[in-house]
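In what follows, chains carry the letters A, B, and so on, assigned in the order in which the sequence lines appear, proteins first and then strands, with residues in each chain numbered from 1.
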2 protein chains.
Amino acid sequence: MATSPSPRPTRAAGDRNRARITGTAAELASIEGIDGLSIGRLADATGLAKSSIHALFGSKEDLQLATIDAARDSFIAEVVAPALAAAPPGRDRLLALCEGFLSYVERRVFPGGCFFVGAAAELGSRPGRVHDEVARVQRQWADLLEREATTAVDSGELPAGTDPQQLSFELGVILAGTNIVSVLHDDLGAVERARSAVRRALGYGA
Amino acid sequence: MATSPSPRPTRAAGDRNRARITGTAAELASIEGIDGLSIGRLADATGLAKSSIHALFGSKEDLQLATIDAARDSFIAEVVAPALAAAPPGRDRLLALCEGFLSYVERRVFPGGCFFVGAAAELGSRPGRVHDEVARVQRQWADLLEREATTAVDSGELPAGTDPQQLSFELGVILAGTNIVSVLHDDLGAVERARSAVRRALGYGA
DNA sequence: CCTACCGATCGGTAGG
DNA sequence: CCTACCGATCGGTAGG
């Protein structure tokens, strides 16, 4: 009557489960918020017991930090890496990053719109480790844009006298604002208008 | 032993209380979110019993709708009305509206940043009456900007060929994006950079 | 506008 | 990774 032994979960299986949980958590959090998402609903969505999620991640805050990490990986894979592969440093890459972001919003890579715009809006005025981690990722993105803008100015691809920090700031807030407006009104026209704005700001088709 | 009769609340007193509750609710919601805000915490903050808030507003959804109304009144009083009073229709008024918004973010009229940017980000992908009301207010703001942009183009204050819808879209997303970045990093420099962006977009100091 | 409740859900823990 | 719990808090209602 010996049944097959209940398989003891391996380390790799645990990692796979953790990745599946944080992936689902990032999707849900883009809709319900990173704080609005509850461990109970996440357990339902993944088919696990609530206490299993606690066992795998510790506290809710630790789960949130792991979720931010997973969302950052998605963002890099969907927006950053393709732009770096598609265009050389400078103006072309800056355009590719902006268009990559807009495509990612358009395709609803996260069902509730950009995870980080949502998290930044939600946690902006609530101090803590989760806030700080979101701020850190946002700053990395802003720095990336600024670096490419600097290269573009230094190489003469953008008019001398262009302030790279000011230009990259404007692009960043246009992208974030567009995500909000596009999701709120379920309006892809906003993404199209943002494409025009970005191209004009970078001097394409002028 | 007749004590002074317990004063029966008048209609006016009820209205005053309702206004005090929705005002506090809008402040708290700008930090914790319009859904994250609980009736229990709102009761604590106002010194009322939870059930009193239910008695005055009905359901949580009705309270949220009343809170949006109160926040809209604040926005009009702090941003829209001063700009309408300070500048004639057209380009100057468009600038006054944008600078009024940036000043309102800078002054933290709502402690967690613009109530409507927060609510739009939070509710963008969650259908319902509250979402629809936030979307309606956002559209009124966008329409206001577009109207002034149209006047500015028609009167020749902005270059012929300027698309008023595109221009007002760009201004709107810059303002929304700036609110998020400025609150997230507690950085008033973002507001200053947005002022530069708005002035350049409108051809001031060019 | 209050006290006194309701069932449901929250994050988290014990113990295996 | 599970069952079985914990106290706290959620939105809401009865009844005054």
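- A 3.5 Å limit on both hydrogen-bonding distances identifies C/dC1 as the Watson-Crick or G-U partner of D/dG16.
- Both cation-pi conditions hold for A/Arg91 and A/Tyr204: the charged atom is under 6.0 angstrom from the six-membered ring centre and inside a 45 degree cone around its axis.
- Residue B/Arg18 is classed as having no contact, given no heavy-atom separation below 4.0 Å to the nucleic acid.
- Atom CD1 in A/Ile39 sits about 15 Å away from atom C1' in D/dC6, given to the nearest Å.
- Regarding A/Phe57, its CZ atom lies at a distance of 16 Å from the P atom of C/dT13, rounded to whole Å.
- The nucleotide whose nearest atom lies closest to any side-chain atom of B/Ala49 is, among C/dG12, C/dT3, D/dC10, C/dT3.
- Spacing between atom CZ of A/Arg20 and atom C1' of D/dC1 amounts to 12 Å, rounded to whole angstrom units.
- The separation between A/Asp44 atom CG and C/dG11 atom P is 12 Å, rounded to whole Å.
- Residue A/His54 contributes atom NE2, which lies 14 Å from atom C1' of D/dC1 at whole-angstrom precision.
- Judged by Watson-Crick or G-U wobble contacts below 3.5 Å, the nucleotide D/dT9 has C/dA8 as its partner.
- Between the side chains of A/Thr151 and A/Asp154, no donor N or O sits under 3.5 Å from an acceptor N or O.
- One atom, CG of B/Asp15, and another, P of C/dC1, lie 10 Å apart when rounded to the nearest Å.
- Residue B/Ser51 places a side-chain atom within donor-acceptor reach of the base of C/dT3, judged by atom type and a 3.5 Å distance cut-off alone.
- Other residues, nucleotides and ligands contribute over 12 non-hydrogen atoms within 6.0 Å of the CG atom of B/Asp69.
- Among C/dT13, D/dC1, C/dC1, the nucleotide with an atom closest to any side-chain atom of B/Ala55 is C/dC1.
- Between B/Leu28 atom CG and D/dC10 atom P there is a gap of 12 Å when expressed in whole angstrom units.
- In this structure, the CD1 atom of B/Ile53 is 15 Å from the P atom of D/dT13, given to the nearest Å.
- Set against D/dG12, C/dC2, D/dG11, the side chain of B/Ser59 has D/dG12 as its closest nucleotide.
- Nearest to the side-chain atoms of B/Lys60 among the listed nucleotides C/dC1, D/dG12, C/dG12 stands D/dG12.
- Not one N or O on the side chain of B/Glu27 forms a donor-acceptor pair closer than 3.5 Å with the backbone of B/Phe110.
- A close approach under 4.0 Å does occur between a side-chain nitrogen or oxygen of B/Arg41 and OP1 or OP2 of D/dC10.
- Put simply, the side chain of B/Arg108 reaches to within 4.5 Å of the side chain of B/Val183, judged on heavy atoms.
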